Amino acid sequence: CLHQALAHGEDPEVRRHLANLYYLSNHPAEAAAQFQLLVDRDPTDSEAWFSLGVLHTMASRLDEACYAYEQAATQQPSHAKAWNNLALLQ
């Protein structure tokens with residue numbers, strides 16, 4: 001259903017739900033691809049950057065994770081989880 005909704009036009013919230021469903025269904029690569037599309041369309045989306053950081057961390061892509069957490073923290077300086085995760089990786 002979510003794929004069909006996206007086929008009729010881009011809706012960031014539909015894409016976010018799809019990404020979260022992939023994550024919860026243990027499909028991290030697909031989830032990461034959806035979050036990447038979100039940040040490509042809106043580089044100020046701190047929550048999508050944070051989620052991308054989590055997925056990169058899980059996949060041991062630590063440079064990409066650091067970059068994603070930095071972007072999340074830059075877009076939302078009060079994003080404590082982004083700062084925390086970034087500190088843990090450095």
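Heavy atoms only: backbone and side chains are in, while hydrogens, waters and symmetry mates are out. Computed from a predicted model, the values in this text were never measured in an experiment.
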For residues 83-90, dump all side-chain donor-acceptor pairs below 3.5 Å to protein atoms at least two apart in sequence or in another chain.
from, atom 1, to, atom 2, distance (Å)
Trp83, NE1, Pro77, O, 2.8
Asn85, ND2, Tyr69, OH, 3.2

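- Under the side chain to side chain donor-acceptor pair (under 3.5 Å) criterion, Gln75 pairs with no residue, sequence neighbours left out.
- When the side chain to side chain contact (heavy atoms under 4.5 Å, CB included) test is applied to Pro28, the partners found at least two apart in sequence or on another chain are Asn26, Leu55.
- In this structure, the side chain to side chain donor-acceptor pair (under 3.5 Å) partners of Gln36, at least two apart in sequence or on a different chain, are Asp40.
- Looking at every heavy atom in both residues, Gly53 comes nearest to Ala65 through O-CB, 3.6 Å.
- Hydrophobic clustering, with ILVMFWY side chains joined whenever heavy atoms are under 4.5 angstrom apart, groups Val54 together with Phe35.
- Pairs engaging residues 47-56 under the side chain to side chain donor-acceptor pair (under 3.5 Å) rule: Glu47-His79, His56-Arg61 [sequence neighbours left out].
- Not counting sequence neighbours, the partners of Glu13 by the side chain to side chain donor-acceptor pair (under 3.5 Å) test are Arg16.
- Following chains of ILVMFWY side-chain contacts shorter than 4.5 Å, one cannot reach Leu24 starting from Leu37, and the two form parts of different hydrophobic clusters.
- Of the inter-residue distances, the one linking Leu18 atom CG with His27 atom NE2 reads 11.5 Å to the nearest 0.5 angstrom.
- In terms of the side chain to side chain donor-acceptor pair (under 3.5 Å) criterion, Asp63 has no residue partners (sequence neighbours excluded).
- The cluster map of Ile, Leu, Val, Met, Phe, Trp and Tyr, joined by side-chain heavy atoms under 4.5 Å apart, puts Leu38 and Tyr67 in the same cluster.
- Each of Met58 and Tyr22 belongs to its own hydrophobic cluster when Ile, Leu, Val, Met, Phe, Trp and Tyr are linked at side-chain heavy-atom distances under 4.5 angstrom.
- Across Ala73 and Ala82, no two heavy atoms sit closer than the pair N-CB, 4.0 Å.
- Partners of Thr74 according to the side chain to side chain contact (heavy atoms under 4.5 Å, CB included) rule, which considers only residues two or more places apart in sequence or in another chain, do not exist here.
- Applying the side chain to side chain contact (heavy atoms under 4.5 Å, CB included) test to Asp42 and every residue at least two apart in sequence or in another chain returns Thr44, Asp45.
- Remark: Phe50 CZ is packed, more than 12 non-hydrogen atoms of other residues, nucleotides or ligands lying under 6.0 Å away.
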